[in-house]
Number of protein chains: 4
Amino acid sequence: MTDLTRHERRKLDTRRRLLEAARQVIAARGYEATGVLDITEAADVSKGTFYLHFKDKEDLTRVLIHEGFEELRQRVDPYLTANRTLGQIKEAIRAVFHYSAENRDLFRLMLGHQASAELNLMAINYYAEFVEHLLRQEGTAGRTSALQSELVAQFVAGAGVRLGLWWIEDDHGLSPDEMADFLFQFLTEGMSNVISVAGLDTGTL
Amino acid sequence: MTDLTRHERRKLDTRRRLLEAARQVIAARGYEATGVLDITEAADVSKGTFYLHFKDKEDLTRVLIHEGFEELRQRVDPYLTANRTLGQIKEAIRAVFHYSAENRDLFRLMLGHQASAELNLMAINYYAEFVEHLLRQEGTAGRTSALQSELVAQFVAGAGVRLGLWWIEDDHGLSPDEMADFLFQFLTEGMSNVISVAGLDTGTL
Amino acid sequence: MTDLTRHERRKLDTRRRLLEAARQVIAARGYEATGVLDITEAADVSKGTFYLHFKDKEDLTRVLIHEGFEELRQRVDPYLTANRTLGQIKEAIRAVFHYSAENRDLFRLMLGHQASAELNLMAINYYAEFVEHLLRQEGTAGRTSALQSELVAQFVAGAGVRLGLWWIEDDHGLSPDEMADFLFQFLTEGMSNVISVAGLDTGTL
Amino acid sequence: MTDLTRHERRKLDTRRRLLEAARQVIAARGYEATGVLDITEAADVSKGTFYLHFKDKEDLTRVLIHEGFEELRQRVDPYLTANRTLGQIKEAIRAVFHYSAENRDLFRLMLGHQASAELNLMAINYYAEFVEHLLRQEGTAGRTSALQSELVAQFVAGAGVRLGLWWIEDDHGLSPDEMADFLFQFLTEGMSNVISVAGLDTGTL
DNA sequence: AATGAATGAGGGTTCATTCAT
DNA sequence: GATGAATGAACCCTCATTCAT
């Protein structure tokens with residue numbers, strides 16, 4: 001039983017409406033192009049009310065991005081047991097693509113570099129951390145150096161984000177699972193297949 | 001040779017000073033946070049002069065990014081013969097990392113998603129096209145589908161850009177060649193080594 | 001009666017102050033020479049407030065001119081019954097001169113051609129329409145052609161405006177009624193008296 | 001024999017081209033909306049050259065208006081002998097309408113209140129003076145007071161200018177002579193005819 | 001005399017933020 | 001808590017004018 005007074009419920013409701021409105025309008029117009037007025041109008045709330053709930057536009061966006069990653073993690077965590085297998089990771093990647101398909105606006109905002117420089121940095125770090133979380137195996141500390149795992153995380157995050165953004169803009173007829181499997185294959189096997197198919201001479205390596 | 005009047009040389013000189021100033025100041029403060037006034041002050045030129053040379057801030061930035069990719073391509077092209085080998089591609093990737101180390105500001109501007117949404121899109125397309133140029137092999141048309149090569153290009157571009165940006169922010173003691181080789185290894189072989197080292201159980205795949 | 005919240009009254013008050021300030025400052029400096037800043041400073045209001053109430057300078061001026069003609073018509077209408085006499089018209093003209101004496105600034109703005117080309121055109125049309133309203137007699141439709149009454153309106157408007165502007169710049173010791181009677185006499189009798197006094201030979205006509 | 005060096009001829013030529021260009025472009029766009037650049041481009045002359053010949057835009061426009069009135073006076077003077085008759089004045093008025101038809105652009109600039117407040121004042125004074133010149137009869141000094149003749153001049157100027165501007169915008173099928181005769185009739189006889197036709201009751205005067 | 005690159009004051013306008021109600 | 005009128009700093013951009021060539 002959430003024992004909230006009507007006041008408190010009303011307040012939370014307003015806050016939520018601002019978040020939803022911002023999510024939509026920012027996705028539609030871009031972060032910089034969106035004014036506080038655009039958000040409050042979409043939320044059917046007065047301009048002043050905004051500042052009752054958020055310090056400024058960046059503050060609200062931070063919450064939006066944070067919530068996005070929280071949700072993403074909740075979607076992915078069920079697949080990740082302590083002793084995880086490659087098969088689990090594959091499922092996790094599929095879950096990420098499903099999530100991005102269902103939350104295109106938010107995904108774009110989280111990872112499309114539309115927000116301010118600071119927020120983008122925050123988001124990218126969130127994602128790299130998320131990837132490390134994905135790949136991290138308990139009890140293997142020290143087997144791979146911190147540097148190496150960060151390199152891997154950046155690599156995976158970069159490739160994954162780019163493919164994800166490319167795909168939600170136009171799916172080219174590919175399903176979430178196809179995208180995930182494609183990414184998974186490249187990550188595990190590299191592109192030697194593709195490259196050899198392309199006819200590159202590997203003899204001089 | 002240079003059949004320019006002094007007038008014309010003077011004008012080009014001013015234009016160049018604006019470009020250089022913009023490059024530095026945008027890299028330092030970010031695209032959106034940079035006003036035209038910041039640029040002209042850094043160039044020690046009056047505000048009106050800016051509009052004599054460029055339509056607006058975006059116009060100038062477009063030139064900056066375009067020039068960056070032109071220069072990058074010139075650095076890379078010598079390594080790419082018609083019948084290219086994997087070894088050549090490795091050299092090309094090394095050249096890219098050397099370039100990014102020598103032009104950190106510009107590289108950040110080109111690929112750091114600091115500019116406007118439109119310019120970022122332009123830059124990302126430039127880069128994907130650049131990667132396709134890198135991987136394209138003559139005489140293999142049809143062997144790989146257009147869709148597949150676009151997927152590969154997005155994958156490579158995403159991973160490469162992210163590693164590059166991560167590295168120029170803090171090199172973590174890694175040389176350009178080490179970075180390039182790391183990227184090259186991952187691209188060709190995938191991360192099976194790393195992953196197996198991490199102790200992931202591959203049995204269930 | 002006035003079912004306005006204090007908020008609304010406050011807003012209308014600010015609007016009115018802007019209109020009054022604009023009226024004075026435009027009359028003093030001219031339309032083109034007056035900046036929005038001049039108006040807001042005279043109204044003791046911030047620059048941004050202006051755009052809360054008016055789209056731009058032209059918008060405000062349009063309101064000013066419109067209000068002026070509304071007021072003028074209200075001053076004049078009591079004298080004009082359906083079956084009007086020349087005597088009524090004389091009284092109406094006197095009312096116009098009284099009005100112009102009491103509202104020199106606004107009169108200059110309305111008819112002094114200081115505003116933008118578009119506004120001047122609007123004002124001149126207002127005035128010609130006003131003159132037609134003054135001279136129009138019910139039940140005489142068809143007796144004078146539309147063309148002829150337009151010619152008359154232009155003639156009367158031109159002469160009246162010019163005399164009015166001349167007079168409010170320097171009254172030369174003439175009272176409003178004297179001016180009105182002078183204009184009325186010329187309009188009704190023409191200038192044959194004056195001309196003959198001037199010694200022009202009328203024999204050759 | 002105009003003994004001008006090529007230099008001098010060239011200079012005068014440039015000056016004339018600027019004047020012609022200004023006349024056209026100001027007529028087309030209006031005085032305020034016309035920039036110096038618009039004029040120099042139309043004259044196919046560099047921007048700096050403008051300031052070699054004129055102090056500023058207002059200076060050039062002054063010359064334009066001055067020339068216009070000079071030409072107008074030359075057109076009208078032949079009709080005006082020392083002992084002038086009403087018939088001569090009628091011819092003079094006809095000449096004015098012919099002139100305005102042939103020089104619509106310039107006429108609009110001279111009397112259409114498009115220029116700056118100062119220039120408009122200058123023009124209106126030119127015209128009032130022109131009208132006084134038209135109506136002045138030698139040897140009658142003192143018969144009419146200075147004040148009275150100024151009143152008449154303002155009346156005639158106002159009515160004439162308004163009719164002229166109305167007519168050059170759309171001639172409504174009326175010839176210059178018809179316009180002139182119409183104006184002449186109203187000036188001499190007043191509008192009693194028109195008014196009585198309109199059915200106004202004159203009994204109460 | 002002619003050029004046109006450079007100047008910089010000043011214009012209009014937007015918008016994040018405050019605060020009295 | 002909610003409102004929205006008011007604020008004013010900051011922005012982009014234009015354009016009359018200067019001056020070295």
Side-chain angles (χ1 to χ4, degrees), chain A residues 5-15 33-41 44-58, chain B residues 5-15 32-38 40 43-58, chain C residues 5-15 32-40 43-58, chain D residues 5-15 33-40 44-58:
Chain A
T5 66
R6 187 170 341 155
H7 232 168
E8 288 166 327
R9 261 184 281 118
R10 177 78 191 279
K11 184 172 180 183
L12 279 176
D13 181 54
T14 301
R15 183 184 150 92
T34 298
V36 170
L37 189 61
D38 298 316
I39 296 170
T40 55
E41 272 175 0
D44 197 24
V45 159
S46 88
K47 211 171 3 162
T49 301
F50 182 93
Y51 294 92
L52 243 42
H53 295 274
F54 302 100
K55 192 179 146 292
D56 52 25
K57 192 175 49 159
E58 180 152 344
Chain B
T5 66
R6 194 171 335 169
H7 238 164
E8 288 164 327
R9 263 182 278 124
R10 176 88 185 271
K11 186 170 186 180
L12 280 176
D13 179 55
T14 300
R15 183 184 150 95
E32 292 285 354
T34 299
V36 171
L37 191 60
D38 297 318
T40 54
D44 198 23
V45 157
S46 89
K47 200 168 21 157
T49 301
F50 182 92
Y51 295 94
L52 219 55
H53 294 273
F54 303 100
K55 195 178 144 292
D56 51 27
K57 192 175 49 159
E58 179 152 347
Chain C
T5 66
R6 195 170 333 169
H7 237 162
E8 287 165 327
R9 262 181 280 123
R10 175 87 186 271
K11 187 170 186 181
L12 280 176
D13 181 55
T14 301
R15 183 185 149 93
E32 291 285 355
T34 299
V36 171
L37 190 61
D38 298 317
I39 296 170
T40 55
D44 198 22
V45 158
S46 89
K47 198 158 43 144
T49 300
F50 182 92
Y51 294 94
L52 219 56
H53 294 273
F54 302 99
K55 196 180 142 289
D56 52 26
K57 192 175 50 159
E58 179 152 346
Chain D
T5 66
R6 189 170 338 154
H7 232 170
E8 286 166 329
R9 261 184 280 121
R10 178 79 189 278
K11 183 172 181 183
L12 279 176
D13 181 53
T14 300
R15 183 184 151 94
T34 299
V36 171
L37 189 62
D38 298 316
I39 296 170
T40 54
D44 198 23
V45 159
S46 90
K47 216 184 340 176
T49 301
F50 182 92
Y51 294 92
L52 243 40
H53 294 274
F54 303 100
K55 191 178 148 291
D56 51 26
K57 192 175 49 158
E58 180 153 343

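By convention in this document, chain letters (A, B, ...) are assigned in the order of the sequence lines, proteins followed by strands, and residues within each chain are numbered from 1. We use all heavy atoms of the structure for the numbers below, so side chains are in, but hydrogens, waters and symmetry mates are not.
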Spacing between [X] atom [atom1] and [N] atom [atom2], to the nearest angstrom:
| X | N | atom1 | atom2 | result |
| --- | --- | --- | --- | --- |
| B:Leu52 | F:dT14 | CG | C1' | 12 Å |
| C:Asp13 | E:dA20 | CG | P | 17 Å |
| B:Leu12 | E:dA6 | CG | P | 10 Å |
| C:Arg9 | E:dT21 | CZ | C1' | 12 Å |

(request) Whenever both distances are under 3.5 Å in a Watson-Crick or G-U wobble pair, mark it; put DNA chain F into dot-bracket that way, with [ ] for crossing pairs and | when the partner is on another strand. (result) .||||||||||||||||||||

(request) Please tell me which of C:Arg10 and B:Arg10 maps to the more 5' nucleotide of DNA chain E, matching each residue to the nucleotide holding its nearest heavy atom. (result)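 Looking at the nearest nucleotide for each, B:Arg10 comes out on the 5' side.
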
(message) Pick the closest DNA chain E nucleotide for B:Val45 and for D:Val45 by heavy atoms, then say which residue is nearer the 5' end.
(response)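 It is D:Val45, whose closest nucleotide lies nearer the 5' terminus.
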
(message) Quick check for you: to the nearest 0.5 Å, what is the distance between A:Lys57 atom NZ and A:Asp38 atom CG?
(response)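 If I round to the nearest 0.5 Å, the distance is 9.0 Å.
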
(message) Rounded to the nearest 0.5 Å, what separates atom OG1 in C:Thr49 from atom NZ in C:Lys11?
(response)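 Going from OG1 on C:Thr49 over to NZ on C:Lys11, the span is 10.5 Å.
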
(request) Only counting residues at least two apart or in another chain, list the ones meeting side chain to side chain contact (heavy atoms under 4.5 Å, CB included) with B:Glu58. (result)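 Once residues adjacent in sequence are excluded, the partners of B:Glu58 under the side chain to side chain contact (heavy atoms under 4.5 Å, CB included) criterion are B:Tyr31, B:Asp56, B:Arg62, B:Ser116, B:Glu118, B:Leu119.
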
Taking 4.0 Å as the cut-off, does a side-chain nitrogen or oxygen of [X] come that near to OP1 or OP2 on [N]?
| X | N | value |
| --- | --- | --- |
| D:Thr14 | E:dA1 | no |
| A:His53 | F:dG1 | no |
| B:Ser46 | E:dT7 | yes |

(request) List the protein contact pattern of nucleotides 11-19 of chain E with one symbol per nucleotide (5' to 3'): B for base contact, S for sugar-phosphate-only contact, - for none; contact means a heavy-atom distance under 4.0 Å. (result) -BBB-BBB-

